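Here is how names work: the chains are called A, B, and so on, in the same order as the sequence lines, proteins then strands, and each is numbered from 1. Because the structure is predicted, anything quoted here is derived from the model rather than measured.
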Amino acid sequence: MNHNENKPVKKQLIGSELYSLPALQAAPLLLGRHLVRSTEDGEIRCRIVETESYGGAEDKGSHAFGGRRTARTDVMFREGGTIYIYLIYGMYHCLNIVTAGEGDPHAVLIRAVEPLTAADAGFMRSYRGTAGSTPRGLSGGPGKLCRALQIDKRLNGLRLDRADSPLRLEQGEEPESLDIVQSPRINIPYAEEYAPLPWRFYLRNSPYVSVKDKMEQPFIWS
DNA sequence: CTAATGATGCACT
DNA sequence: GTGCATCATTAGC
């Protein structure tokens with residue numbers, strides 16, 4: 001008898017192997033993983049279906065381009081597994097997962113999630129209003145998913161790998177067998193030659209993805 | 001298509 | 001310090 005057979009594999013927290021990778025390697029590996037948000041109202045579970053890689057210091061699309069370390073970007077320089085949240089356009093929050101080692105600014109933007117159960121969807125809808133009545137409207141977009149999961153800057157700097165954290169990341173599905181598309185990142189014209197690089201990843205068949213790419217180029221594991 | 005809405009970064013005093 | 005352009009977006013026309 002193997003003791004491991006009894007372990008609740010699906011609920012195991014993600015470990016440092018994934019968090020210590022460069023963002024570009026971590027971004028596709030985060031697809032299919034489960035995000036768990038604990039609030040006073042209860043626990044919401046969802047799976048990640050769209051990500052974007054930002055960093056390190058050479059990426060002109062990254063807030064930490066050139067090693068820019070400010071009050072806002074400081075968390076990007078922390079150890080992988082840290083939560084980075086910023087406010088955009090004065091009204092929406094964006095959730096990022098910091099990766100790589102301390103002092104090396106990498107982050108993966110979470111752009112879309114999918115509720116795991118009808119109960120999870122119900123919770124999320126209650127925070128979304130009329131726009132949340134379609135999958136994409138519910139949590140297909142970085143600002144939308146933060147609203148659906150009640151995520152704001154209070155979570156900035158916390159870690160995803162603690163059992164008592166209000167936001168955790170669990171193993172979920174292993175992404176190697178999923179149908180993954182890669183495409184250029186969304187809405188970063190200022191990134192110049194980094195703008196067209198295919199650093200966005202999403203699950204081809206998820207209706208929760210924010211923007212479908214014309215090409216839908218399959219992602220090949222290297 | 002575009003207004004909304006405020007933190008942020010940087011140029012300049 | 002002050003001023004101001006910018007922004008990893010969204011909802012509602």
Side-chain angles (χ1 to χ4, degrees), chain A residues 22-28 30-31 35 46 48-78 80 82-100 104-114 124-157 160 167 181-203 206-213:
Chain A
L24 189 52
Q25 287 177 45
L30 285 166
L31 295 173
L35 261 186
C46 53
I48 297 171
V49 298
E50 180 181 350
T51 60
E52 277 179 3
S53 165
Y54 286 89
E58 68 282 353
D59 178 7
K60 289 184 180 172
S62 172
H63 292 160
F65 168 62
R68 184 168 49 210
R69 189 167 187 165
T70 65
R72 178 176 66 155
T73 65
D74 187 67
V75 294
M76 286 186 75
F77 291 78
R78 297 204 203 156
T82 302
I83 297 168
Y84 170 41
I85 292 163
Y86 62 88
L87 182 69
I88 188 69
Y89 297 108
M91 46 186 120
Y92 302 105
H93 294 275
C94 289
L95 167 67
N96 295 254
I97 296 175
V98 173
T99 73
D104 194 6
H106 290 242
V108 176
L109 172 67
I110 308 303
R111 287 194 54 92
V113 300
E114 198 173 275
M124 292 164 66
R125 237 175 263 127
S126 72
Y127 302 129
R128 291 289 295 127
T130 56
S133 53
T134 65
R136 253 191 36 193
L138 183 65
S139 52
K144 297 174 193 175
L145 74 88
C146 282
R147 291 214 167 152
L149 298 176
Q150 302 271 86
I151 289 170
D152 61 34
K153 283 181 83 172
R154 287 173 302 196
L155 302 185
N156 191 43
L160 287 160
L167 188 65
V181 166
Q182 63 177 314
S183 90
R185 294 174 290 181
I186 301 298
N187 197 25
I188 49 162
Y190 53 85
E192 302 177 25
E193 74 270 26
Y194 284 81
L197 298 179
W199 289 358
R200 180 170 77 118
F201 306 88
Y202 65 85
L203 299 188
S206 173
Y208 288 82
V209 168
S210 66
V211 185
K212 302 276 191 182
D213 192 67

Checklist line | Partner of A/Asn96 by side-chain contact (heavy atoms from CB on, under 4.5 Å), out of A/Thr51, A/Ile110, A/Leu109, A/Asn156 | finding: A/Leu109
Item checked: Min side-chain heavy-atom separation A/Gln150-A/Tyr127 under 4.5 Å -> yes
Notebook entry, point to check: Please give, in whole Å, the distance from C/dT6 C1' to A/Ile88 CD1?
Noted result: 9 Å
Next item on the list: Quick one: do A/Met124 and A/Leu149 satisfy side-chain contact (heavy atoms from CB on, under 4.5 Å)? Show the steps, please.
Entry: CA-CA 6 Å; A/Met124 292 164 66; A/Leu149 298 176; 4.2 Å; yes
Next item on the list: Identify the nucleotide, in any strand shown, that forms a Watson-Crick or G-U wobble pair with B/dT8, with both distances under 3.5 Å; if there is none, say none.
Entry: C/dA5
Next item on the list: Report the distance from atom CZ of A/Arg136 to atom P of C/dT10, rounded to the nearest whole Å.
Entry: 10 Å
Check: C/dT9 phosphate, OP1 or OP2: any side-chain N/O from A/Asn187 under 4.0 angstrom?
Finding: yes
Check: Are A/Val98 and A/Ile83 close enough, and set up right, to give a side-chain contact (heavy atoms from CB on, under 4.5 Å), and what steps lead you there?
Finding: CA-CA 6 Å; A/Val98 173; A/Ile83 297 168; over 6 Å; no
Check: Atom CZ of A/Arg147 and atom P of C/dT9: how far apart are they, to the nearest Å?
Finding: 14 Å
Note to self: Can you measure A/Leu95 atom CG to C/dA8 atom C1' for me and round it to whole angstrom units?
What the structure shows: 12 Å
Notebook entry, point to check: Does anything in residues 137-146 of chain A reach DNA chain C, meaning a heavy atom under 4.0 Å, and if so which residues?
Noted result: A/Gly141, A/Pro142, A/Gly143, A/Lys144
Margin query: With heavy-atom distances below 4.5 Å as the criterion, would you say the side chains of A/Phe65 and A/Lys60 are in contact?
Written below: yes
Next item on the list: To the nearest Å, give me how far apart OH (A/Tyr84) and C1' (C/dA8) are.
Entry: 9 Å
Notebook entry, point to check: Of A/Lys153 and A/Tyr89, whose nearest nucleotide on DNA chain B comes first from the 5' end?
Noted result: A/Tyr89
Checklist line | Passing option when A/Glu50 is tested against A/Ser139, A/Ser183, A/Ser210, A/Ser206 for side chain to side chain donor-acceptor pair (under 3.5 Å) | finding: A/Ser210
Next item on the list: Using atom CD1 of A/Ile85 as one end and atom C1' of C/dT9 as the other, report the distance to the nearest whole Å.
Entry: 16 Å
Check: If you look at every strand shown and take non-hydrogen atoms under 4.0 Å, does A/Ile188 touch a base, only sugar-phosphate, or nothing?
Finding: sugar-phosphate
Checklist line | Rounded distance in Å - CZ (A/Phe65) to C1' (C/dA8) | finding: 16 Å
Checklist line | Centroid distance under 5.5 Å and plane angle under 30°, A/Tyr86 vs C/dA8 | finding: no
Check: Looking at A/Glu52 and A/Arg111, does any basic side-chain N land under 4.0 Å from a carboxylate oxygen?
Finding: yes
Note to self: Tell me whether the NZ or CZ atom of A/Arg78 lies within the 45° cone about the ring axis of A/Tyr84 and under 6.0 Å from its centre.
What the structure shows: no
Notebook entry, point to check: Whole-Å distance between C/dT10 P and A/His93 NE2?
Noted result: 13 Å
Checklist line | Earlier contact from the 5' end, DNA chain C, for A/Arg128 and A/Arg72 | finding: A/Arg72
Check: So, do A/Pro184 and A/Asp213 sit near enough that their side-chain heavy atoms are less than 4.5 Å apart?
Finding: yes
Checklist line | Outermost DNA chain B nucleotides near chain A [under 4.0 Å, heavy atoms] | finding: B/dA4 to B/dC10
